[in-house]
Every structure is written in C-alpha cells, then in structure tokens.
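Report on the following structure.
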Amino acid sequence: MDFSTKLINWYSVNKRELPWRETRNPYYIWLSEIILQQTQVKQGLPYYNAFVSKFPTVFDLAKASETSILKLWQGLGYYSRARNLHHSAKYIVDTLDGKFPDNYKDLLKLKGVGDYTASAIASIAYNEVAAVVDGNVYRVLSRYFGIDTPINSSTGIKDFKTLASTLINTNQPATYNQAIMEFGAIQCKPKNPDCTVCPFQDSCMARKNQMVDVLPVKLKKTKVTVKYFNFLVFIDHHKKTLFEKRTTKGIWQHLYQFPLIESKKSLTAEEFQLLNFKEHYLEIEVLDYSLYNEVDIVHKLSHQHLHTKFWIIDVKSLPKDAILIKSLTKYPSPVLISDFIEQFGF
DNA sequence: AACACGGGGTG
DNA sequence: CACCCAGTGTT
C-alpha cells in the first residue's frame, strides 16, 4: 500500500470532528485556515465559531469595522491576521464582485494567504492538487524519510514542498492534505510520539535510525528581548480614562491600551516621579497617583518579555477624547491590558 | 536570509 | 525553561 493510501486509511479512522470539515464553503475554509495559522485547534475552535456566527458571509465581514473584527480576534494573537482578513474580504467583495478566488494562484493574491493557506483552501474547497506543507507535514516527512535538512532553510522549504507535491494523492487532494496534517498533530507528535502504534513503524527512517527525537531539524531559536512598560491609568471624577489606539509598527497594531511610557529599567515610584510623566500630558492636572502592582507583571510573548507596571493616576479632568471606564471592554486590547481591566475592577 | 509578530500548551 | 502550533509579511 502506498504512502498516501495508508495515510488516508489512518485518517478515516482517527480524524477529529471539526466544524470546518462539515463544509466546502471556501469562505469558511478560509476563515478556519487563517485562524489556525500558528494556532492549535483547541485554541482556535471557539474563535472560528464566533466568527462564523457574527460574520456568516464574506459580505458581512467586508462591511464590518476593523475594530469589531479585532475585538472578536482579541486574545488570539498575531493580529495582522485579523487586519489582513478584513482587507481581503473587502477585496473579494469590492474587486471580485463577491466571487471567492477558486484556485491556488488567485488565492495567493489575498493578503494573509501564503503558500500553505492557498494550497489548503484550493485543495479542501476545490479539490485542486496543491500539496500543503505546514509544521505537521515538515515533521511527518522529515521523520518518515529521515531528512535532516533544516525545515526553515531556503533549501529545506523548497525540498519539502517538492517532496510533498510528489506524495499528494491526486485523486483525493482534499482528504490527503488533511490526513497528513491530522497524522502529524495526533500520531507523529513533536514530543514522545507512540511509535509502537504507528502504521508506518516498519518503514519510518527516523524510527529505524533512532532519529525521531531529533527530527525535524530547525535553525536557530528565538532570542527574547526585555522591555519595561509603564501604563498610565488615568481616572477622573466622571469615571473616565484615556485609552489609545496603537498606531506604531510593532506589536498590537490597532489595538487599544492605556497611555504607555517605556523605560530602560523597572521604575520605583520615586524614579517614576523623577521621570515626570506630566511632561507627556501637560494639560492634565494630577491629584494623586499610586502603583497598582508592586511586583512587575511579566507578560511573555514568544520574542519579548514585557515587565509591566500600571500606575493609577487620579486627575481633576481629562481631554475630550477620554472614554468612560465602563466602556473599556468594548475596545479590542491586548491580553495584558484586558486582564488588568478585569482584575483591577475599577 | 533573518526577523517580527501573540498567546496558550506541553514536557 | 525551551519548544511547538493547519505561517505570512517585511526588511
């Protein structure tokens, strides 16, 4: 029995029931694939259901505000996915007259859709013979064929894509692609896979050569930078505060936060006073201020550790663009901020 | 080619 | 703590 048939047989027995497997609607397939980029099924599933429920068609998504889409995306991370989703929905509705791209080449033109996602949608929704290569596929192929080429090197990316293209079952591309990914997720797991129950245990090169725990090979690890964030939580007697949209390039673009002052180190109250935050907000008359968290809250992202202090600042009045504290939760904000809002309670 | 981009889960 | 996750866009 050949590789793809064996995989498909395994899949027919072991596959999970997932809502995006109950449809061929390209819009729903697209939604699920974007949500699942760098995201585990367990984490993405409730977001998928929320998006399908709130935006049942691409037209609903296209006419929504970016803020409402980011609000529904809140907590999922990699927020450019949500912004690109909106951009592409408008492109489909406005430029393509609502006709969803129906092949790999045209799908690739959508913002936020790269080689993997274009292949996934083309195969799953339209049964196009386009091989997917995601983290699961890299792992399964590198182990089964015993390939130690780094999966994130240029040659590795090219070679694995070529190999995947030779293996795909051309009669059942949709099923094959989902089968190999599901196999990687459930059987050929990153850590401690149970190879004794694996259907490929007799032909797997990694198992034969005891390389299961070192494959796939990946270049370099992420280096983490440390940053120090001071959030200014203004409160006036109208129960209003300042909440700003992040327009800068880096993390959390277009999400909302309390006014932020970044420092070179963790500040004491005295140092914070010396820093004289009032310089940043000349027009605001400060009555009193205090530190909410004595110990820094360390918010860990994959490439940054954010050491955070929340300064509670009582003020007499605030500028016109202040918003009611009660309405804070209507805005999309980073988990770090929404957690604070919930715990502080105001 | 290297890096930035989130947050949750696992061993 | 290190690594992984149905990757993509930018530099």
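When reading the values below, keep in mind they use all heavy atoms of this one structure, side chains included, and skip hydrogens, waters and symmetry mates. Order of the sequence lines fixes the chain letters, A, B, ..., with proteins taken first and strands second; residue numbering starts at 1 for each chain.
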*Step through the shown structure and confirm whether more than 12 heavy atoms of other residues, nucleotides or ligands are within 6.0 Å of NE2 on A/His307.*
yes
*Would you say the side chain of A/Arg81 and the base of B/dA4 hold a donor-acceptor pair, judged only by whether the two atoms sit under 3.5 Å apart?*
no
_A/Gln40 side-chain proximity, nearest of C/dT10, C/dC4, B/dG11_ = C/dC4
_Using a heavy-atom cut-off of 4.0 Å across all strands, would you classify A/Lys42 as base, sugar-phosphate, or nothing?_
nothing
_Between P on C/dA2 and NZ on A/Lys300, what's the gap in Å once rounded to a whole number?_
9 Å
*May I ask you to verify if any side-chain N or O of A/Trp252 is less than 4.0 angstrom from the OP1 or OP2 atom of B/dA4?*
no
*Taking only Lys NZ, Arg NE, NH1 and NH2, and the carboxylate oxygens of Asp or Glu, determine whether A/Glu182 and A/Arg21 approach each other closer than 4.0 Å.*
yes
*asked:* Is it the case that the base of C/dG7 and the side chain of A/Thr117 share a donor-acceptor contact (distance under 3.5 Å, atom types as modelled)?
replied: no
_DNA chain C-proximal residues of residues 66-79 of chain A, any heavy atom under 4.0 Å_ = none
*Rounded to the Å, how far apart are A/Lys227 NZ and B/dC5 C1'?*
11 Å
*Nearest to the side chain of A/Lys218, which nucleotide is it out of C/dC4, C/dG9, C/dG7?*
C/dC4
*Which nucleotide in B/dG11, B/dG7, C/dC5 has an atom nearest any side-chain atom of A/Val335*: B/dG7
*Side chain of A/Tyr116: nearest nucleotide among B/dG11, B/dA2, C/dT8?*
C/dT8
*asked:* Less than 6.0 angstrom separating the ring centers of A/Phe183 and A/Phe200, yes or no?
replied: yes
*Please figure out whether A/Asn152 or A/Leu336 has its closest DNA chain B nucleotide nearer the 5' end.*
A/Asn152
*asked:* Give me the distance, rounded to whole Å, that separates B/dG8 from C/dT8 when you measure between the P atoms they each carry.
replied: 23 Å
*For A/His87 and C/dG9, what is the distance between atoms NE2 and P respectively, to the nearest whole Å?*
11 Å
*Round to the nearest Å and state the distance from A/Ile34 atom CD1 to C/dG9 atom C1'.*
12 Å
*asked:* Before we go on, tell me: are the rings of A/Tyr104 and A/Tyr126 under 6.0 Å apart, centre to centre?
replied: no
*Around A/Glu342, counting heavy atoms of other residues, nucleotides and ligands shown, do more than 12 lie under 6.0 Å from its CD?*
no
_Taking 4.0 Å as the cut-off, does a side-chain nitrogen or oxygen of A/His299 come that near to OP1 or OP2 on B/dG7?_
yes
*Whole Å only: how far is the NE2 atom of A/His303 from the C1' atom of B/dA2?*
14 Å
*asked:* Within the 4.0 Å heavy-atom criterion, would you say A/Asn177 contacts the bases, only the backbone, or no part of the nucleic acid?
replied: nothing
*asked:* Once you apply a heavy-atom cut-off of 4.0 Å, does A/Gln304 come out as touching a base, just sugar-phosphate, or nothing?
replied: sugar-phosphate
_side-chain N/O A/Gln37 vs C/dG7 OP1/OP2, d < 4.0 Å_ = no
*Please figure out whether A/Ser32 or A/Lys191 has its closest DNA chain C nucleotide nearer the 5' end.*
A/Lys191
*Round to a whole Å and report the spacing from NZ of A/Lys220 to P of C/dC4.*
12 Å
*Can the ring centres of A/Phe231 and A/Trp311 be said to be less than 6.0 Å apart?*
no
*Pick base, sugar-phosphate or nothing for A/Arg21, based on heavy-atom distances below 4.0 Å to the nucleic acid.*
base
*Under 4.0 Å between a Lys/Arg side-chain N and an Asp/Glu carboxylate O for A/Lys316 and A/Asp236?*
no
*Around atom NZ of A/Lys208, are there more than 12 heavy atoms of other residues, nucleotides or ligands at under 6.0 Å?*
no
_Using the side-chain heavy atoms of A/Ile251, tell me which of these nucleotides is nearest: B/dC5, B/dA2, C/dA6._
B/dC5
*Roughly, in whole Å, what's the span from CD in A/Gln43 to P in C/dA6?*
11 Å
*Please check if atom CG in A/Asp97 has more than 12 non-hydrogen atoms from other residues, nucleotides or ligands closer than 6.0 Å.*
no
*Contact nearer the 5' end of DNA chain B, comparing A/Gly250 with A/Asp339*: A/Gly250
*Answer with base, sugar-phosphate or nothing: what part of the nucleic acid does A/Gly184 contact at a heavy-atom distance below 4.0 Å?*
nothing
_C/dA6 versus B/dG11 - spacing of their P atoms, nearest Å_ = 14 Å
*Atom pair distance, as rounded to whole Å: NZ in A/Lys223 and P in C/dC1*: 17 Å
*Give one of base, sugar-phosphate or nothing for A/Val113, where a contact means two heavy atoms less than 4.0 Å apart.*
sugar-phosphate
